[in-house]
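Because the structure is a prediction, the values reported are computed rather than measured.
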Amino acid sequence: MPELPEVEVVRKSLDKKIKQKKVKKVIIRNRNLRFKIPLNFESFLKNQKIIKVDRFSKYLILHISNKTYCLLHLGMSGTVHLVSNNDKSLITNTSFYSNPILPKKHNHVELIFEDFKLIYNDPRRFGFFQIIDNDFELKKRFSHLGPEPFSTKFNVRYILSFFKRKKKNIKNFLLDQYFVSGIGNIYASEILFLCKINPSKKVSKLKKKDCQKIINFSKKVLLHAIKKGGSTIRDFKSTSGKKGNFQNKFKVYERGGLKCKRAECEGTIKKKTISMRSTFYCNICQK
DNA sequence: AAGAGGCCCTGATAGC
DNA sequence: TGCTATCAGGGCCTCT
């Protein structure tokens with residue numbers, strides 16, 4: 001369940017290792033990801049350099065030396081692994097790369113570099129690789145995505161005007177990538193807890209002050225999670241197989257039935273399904 | 001236009 | 001033990 005922080009953790013380690021490296025060979029074992037990998041994908045990437053690894057929202061953007069882009073989305077269960085070409089062990093030359101585990105099944109895509117390779121593993125195949133031809137197409141590809149929480153465009157004025165004449169609840173909109181991009185189901189619950197806003201609250205009832213809280217805590221939670229190496233619930237691992245640490249910091253997620261972590265609050269964390277997604281909140285301090 | 005619902009897929013777990 | 005059902009949730013699509 002990679003959300004923005006998990007993808008950013010992957011981006012950082014990936015950029016460090018494959019920036020300015022040339023793709024020697026591409027191996028695809030299963031083309032049937034979220035979108036079918038086209039037959040020319042291998043020849044397209046072969047002998048190209050990866051200029052750098054960028055990220056927008058939950059998308060990784062590999063800048064290719066022929067002025068195109070390779071998008072990589074991890075879907076729900078995608079992981080990226082960097083493995084030595086010689087002894088098949090995971091690369092362990094930085095502190096980030098420890099606890100090496102390479103899955104045996106579902107290694108669908110390999111990008112082979114001079115002395116190591118990148119392996120894309122994805123049991124559920126909700127992730128994808130996509131070649132984007134130019135800047136214009138890249139812009140178009142992301143046109144359905146709203147600003148990231150860090151963007152200055154994500155401000156009180158924007159939020160209030162977006163919520164005009166909308167009838168859904170706030171949890172729904174935090175997951176709506178057209179409204180704000182990068183937040184997923186886990187962090188949506190965490191953000192609303194910190195804001196003391198009930199996830200079922202209709203956005204038409206939100207005040208200026210609430211919007212400001214949403215802005216502040218969205219940034220805070222995501223940045224904190226990045227710092228902690230992301231969250232590992234079931235699937236997410238870094239490029240070396242290392243798990244994240246942020247799950248230990250969850251205030252509400254997967255804490256149904258437990259006591260509210262707010263010191264002065266006697267509430268209990270409840271689990272509720274909102275638009276087909278499990279949602280956690282405190283029944284007392286989230287109004 | 002906005003919102004509700006469904007589908008893609010596999011693995012872990014629960015219940016019988 | 002082995003079977004089936006349920007849940008996990010990101011993105012995108014259709015239908016109303």
Side-chain angles (χ1 to χ4, degrees), chain A residues 1-11 29-37 55-61 71-80 101-109 120-130 132 138 140-146 148-149 159 161-192 199-204 222 225 230-237 241 243-244 246-247 250 252-257 271-281:
Chain A
M1 44 207 57
E3 303 181 26
L4 187 152
E6 289 73 32
V7 179
E8 176 60 17
V9 170
V10 172
R11 185 203 69 77
R29 300 209 170 74
N30 189 347
R31 290 182 189 276
N32 299 308
L33 302 185
R34 178 73 167 80
F35 307 115
K36 195 163 185 120
I37 298 177
R55 180 193 58 72
F56 183 71
S57 184
K58 304 170 192 173
Y59 298 75
L60 289 166
I61 307 163
L71 285 195
L72 169 54
H73 196 289
L74 305 176
M76 299 276 311
S77 58
T79 48
V80 177
I101 309 159
L102 177 66
K104 290 186 173 67
K105 287 172 77 176
H106 310 299
N107 292 323
H108 306 309
V109 178
Y120 179 69
N121 181 283
D122 189 356
R124 294 171 72 178
R125 288 189 275 122
F126 283 2
F128 57 82
F129 283 79
Q130 219 170 19
I132 304 289
L138 188 68
K140 215 167 93 188
R141 182 67 180 78
F142 290 148
S143 63
H144 68 296
L145 295 178
E148 290 191 347
I159 296 176
S161 82
F162 195 97
F163 285 170
K164 272 207 181 113
R165 290 180 294 278
K166 299 286 201 299
K167 293 191 165 53
K168 290 197 292 183
N169 58 57
I170 181 60
K171 167 77 185 320
N172 251 305
F173 280 105
L174 288 187
L175 290 183
D176 181 350
Q177 305 296 300
Y178 184 69
F179 167 59
V180 59
S181 65
I183 298 172
N185 198 45
I186 294 171
Y187 295 114
S189 281
E190 293 298 312
I191 290 164
L192 289 173
S200 301
K201 186 153 185 163
K202 299 277 183 265
V203 291
S204 55
L222 297 186
S231 304
T232 300
I233 305 298
R234 287 166 197 84
D235 302 310
F236 173 73
K237 293 180 190 73
K243 292 184 171 192
F246 194 71
Q247 65 277 9
F250 288 163
V252 289
Y253 192 79
E254 294 216 318
R255 290 194 69 247
K271 181 178 180 177
K272 183 182 181 184
T273 299
I274 295 180
S275 56
M276 324 280 285
R277 300 282 185 261
S278 58
T279 306
F280 298 86
Y281 65 100

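Atom CG of L74(A) and atom P of dG11(C) are 10 Å apart (whole Å). Taking atom CG of residue D122(A) and atom C1' of nucleotide dC9(B), one finds them 9 Å apart after rounding to whole Å. Following rounding to the nearest Å, M76(A) (CE) and dC9(B) (P) show an atom-to-atom distance of 15 Å. Atom NZ of K104(A) and atom C1' of dG11(B) are 16 Å apart (whole Å). What separates CG of N185(A) from P of dC7(C) is a distance of 14 Å, to the nearest Å. What separates NE2 of H73(A) from C1' of dC9(B) is a distance of 15 Å, to the nearest Å. Rounded to whole angstrom, the span from the OH atom of Y178(A) across to the P atom of dC13(C) amounts to 15 Å. dG11(C) atom P lies 11 Å from atom CG of D176(A), rounded to whole Å.
With hydrogens and angles ignored, no donor-acceptor pair closer than 3.5 Å exists between the side chain of R277(A) and the base of dA8(C).
Using a 30° and 60° split on the angle between ring planes, Y59(A) and F142(A) fall in the perpendicular class, above 60°.
By the criterion of a centre-to-centre distance under 5.5 Å and near-parallel planes under 30°, the ring of F126(A) forms a stack with the base of dG10(C).
Of the two residues near DNA chain B, N32(A) and K166(A), the one whose nearest nucleotide lies more 5' is K166(A).
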